[in-house]
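Working notes for the structure below.
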Amino acid sequence: MAQKYDKLQQQFLCCYPVKKMAWSSVKLPLNWAEQQELIAATCGHPLNKSHPVRRSYLEAFLKQLMNLLKDQEELHDDLYGNLCGRMAETPSSGTAYAYKHYLIQPGAKITLRESNSFVSEGTTGLCTWEAALALSDYILQHKDVVKGKNVVELGAGAGLLGILLKLPALELHTGQVLLTDGSETCVQLMRENIALNFETKDEVAEVPQSETLRWDAVAEFPWDKFAETDLLLAADVIYDDSQFDALLGALDYLFKQRSNQLEMLLASTVRNVDTLHKFMTELNAHGYKVTPCANVSACASHFCRDHTAAVQIISIRR
Ligand SMILES: C[S@@+](CC[C@H](N)C(=O)[O-])C[C@H]1O[C@@H](n2cnc3c(N)ncnc32)[C@H](O)[C@@H]1O
C-alpha cells in the first residue's frame, strides 16, 4: 500500500536535490507520530542505516526539514539524533564515497556505492549519470529491446544499468550481461556494486559480468570467453571528442565481428550540441544508420530524475 512519504523516501535514498523534493507531501503541522513516520521513511530507513547516504546530503535534508517545521512547538528527538549521530562520525571532507539506493518499483531496488564527486581518481565513471537513468527508464518501458539478448555495456561506470538488467524482480529475461569500462577503478567499483546487489550463491549466468575494456584495445579483449553480443549499450560516453576515434574503432570491430547483426543503444545528455553533432556526423561517415528512439516518458519514470538536462537516446545499426 502506498505510504504518505513514499516519494520523499525514494528521493532521499538516491540523494535527489533537496530543494526539488516532494515537500508538498508534508502537510503541516506534523504531530509527533507523523514526524516519526517521516524520519523512519527517510534518514531512519534501514537502507540508510546499513549503507548511509552522503553526510553532506543528510545534513542538507535535515536542515530543510527543520526549517519546514520551525514554527512547530515540538521537534522529534530523532531529528537531532540522526544529525548528531552522523556528526560524531568521521569528518565529511574525509569520505570520498557513500551509498545511493534506487527504489525502482516495489521489490526492486539497487544499492550503489558511488563517489561523492563527479570527477575523481581520473575518471567520470565513479558515480551514476542522468543518461544511465534515462536509458534504464527506456529499457523498462521497452522491455523487448533486451529480452533474450546478450548485452555488452561500454563505459559502464558504477554499474547501474547492467545491475538493473539482471535484477530478478524486473523480469527482463536478459541473456549474458557484460559490463565494461576503460578505468580499472570503475571496474573495481562495479564489481563491489554487483556484489552488493546479488547473492554470492547466484549462478554466474544470473549475475552481470564485469571486465576492463578500453575502446582502443577492443581487439585484444578475450571475446571468446563471452557469449556473442546482440546488443551494445552506452550512457554518457559522448563528451570528449578525443575519444571518438577509439569509440568508433570499437564499434567497427564489434559490428564486423557480428556481421552487422548488432544494435547499439546510446544515451547522451545534451550538454554540448556541437560535440554530439560531430559524433553523429562521424557515425554517418562510418556507414551507421541512426534512429532516434521513442521518447522516454518522464511521467512514467522509475527513477527520481531531475530532467534539467535533455537526454537523447538513439539506436545505431549498420
Ligand atoms: C560520464 S561516465 C558515464 C558512466 C555511466 N555510463 C553512467 O552513465 O553513469 C563515462 C565513462 O566512460 C568511460 N570511458 C571514457 N573513455 C573511455 C575509453 N576510451 N575506453 C573505455 N571507457 C571509457 C569512463 O571511464 C567512464 O566510466
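The structure displayed is predicted, hence computed values, not measured ones. Each ligand, and each atom within it, is numbered from 1 in the order the structure gives. Numbers here are sequence positions counted from 1.
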### Task
Decide yes or no on side chain to side chain donor-acceptor pair (under 3.5 Å) for Glu130 and Thr269, but give the supporting numbers first.
CA-CA 7 Å; Glu130 182 83 3; Thr269 299; over 6 Å; no
### Message
Any donor-acceptor pair under 3.5 Å linking the side-chain atoms of Ser301 with those of Asp137?
### Response
yes
### Query
Is it the side chain, the backbone, both or neither of Cys127 that has a heavy atom closer than 4.0 Å to ligand 1?
backbone
### Message
At less than 4.0 angstrom from any non-hydrogen atom of Cys186, what atoms of ligand 1 do you find?
### Response
27 (O)
#### Entry: Heteroatom distance test (Ala246, ligand 1): nitrogen or oxygen, under 3.5 angstrom
no
### Message
Check this for me: does any side-chain nitrogen of one of Lys27 and Glu34 sit under 4.0 Å from a carboxylate oxygen of the other?
### Response
no
## Note on the structure
Looking only at non-hydrogen atoms, the one of Gly157, Ala235, Gly159, Ser183 nearest atom 3 (C) of ligand 1 is Ala235
### Task
Would you mind telling me if ligand 1 is within reach of the side chain of Leu247, the backbone, both or neither, using heavy atoms under 4.0 Å?
neither
## Note on the structure
Out of Phe118, Phe244, Trp215, Trp129, the nearest non-hydrogen contact to atom 16 (N) of ligand 1 is supplied by Trp215
### Query
Backbone or side chain, does any N or O of Asp181 fall under 3.5 Å from an N or O of ligand 1?
yes
### Query
Does any N/O atom on Asp236 come nearer than 3.5 Å to any N/O atom on ligand 1?
no
### Test item, Leu213 contacting ligand 1 (heavy atom, 4.0 angstrom)
yes
### Query
Where's the contact between Thr124 and ligand 1, heavy-atom distance under 4.0 Å: side chain, backbone, both or neither?
both
### Task
Please could you name the atoms of ligand 1 that Thr123 approaches to less than 4.0 Å, counting only its heavy atoms?
24 (C), 25 (O), 26 (C), 27 (O)
### Message
For Asp252, is there an ion pair with Arg318 - N to carboxylate O distance below 4.0 angstrom?
### Response
yes
### Task
Heavy-atom contacts with Arg214 under 4.0 Å: which atoms of ligand 1 show up? List them by number with element.
20 (N), 21 (C)
### Message
Students should be able to answer this: which protein heavy-atom is nearest to atom 5 (C) of ligand 1, and at what distance?
### Response
Gly155 O, 3.5 Å
### Salt bridge flag under 4.0 Å for residues Lys63 and Glu59
no
### Task
Would you tell me whether Thr111 and His51 have side-chain atoms, one donor and one acceptor, within less than 3.5 Å of each other?
no
### Task
Please say whether Thr128 places an N or O atom under 3.5 Å from an N or O atom belonging to ligand 1.
no
### Query
Can you tell me how far CH2 of Trp23 sits from CG of Leu65, rounded to the nearest 0.5 angstrom?
5.0 Å
### Message
Counting non-hydrogen protein atoms only, what is the nearest one to atom 19 (N) of ligand 1? Give residue, atom name and distance.
### Response
Gln243 OE1, 2.7 Å
### Test of ring centre spacing under 6.0 Å for Phe12 and Tyr5
no
### Query
Could an N or O of ligand 1 be found under 3.5 Å from any N or O of Ala131, whether backbone or side chain?
no
### Query
Which other residues end up in the same hydrophobic cluster as Tyr99, if Ile, Leu, Val, Met, Phe, Trp and Tyr are linked when side-chain heavy atoms come under 4.5 Å apart?
Leu196
### Asp236 bridged to Arg271 by N-O distance under 4.0 Å
yes
### Query
What is the nearest protein non-hydrogen atom to atom 22 (N) of ligand 1, stated with its residue, atom name and distance?
Gly182 N, 3.1 Å
#### Entry: Ligand-residue contact atoms, ligand 1 with Ala132, heavy atoms, under 4.0 Å
7 (C), 8 (O), 9 (O)
### Task
Kindly say whether Thr174 contributes a backbone atom to a donor-acceptor pair with the side chain of Lys166 at under 3.5 angstrom?
yes
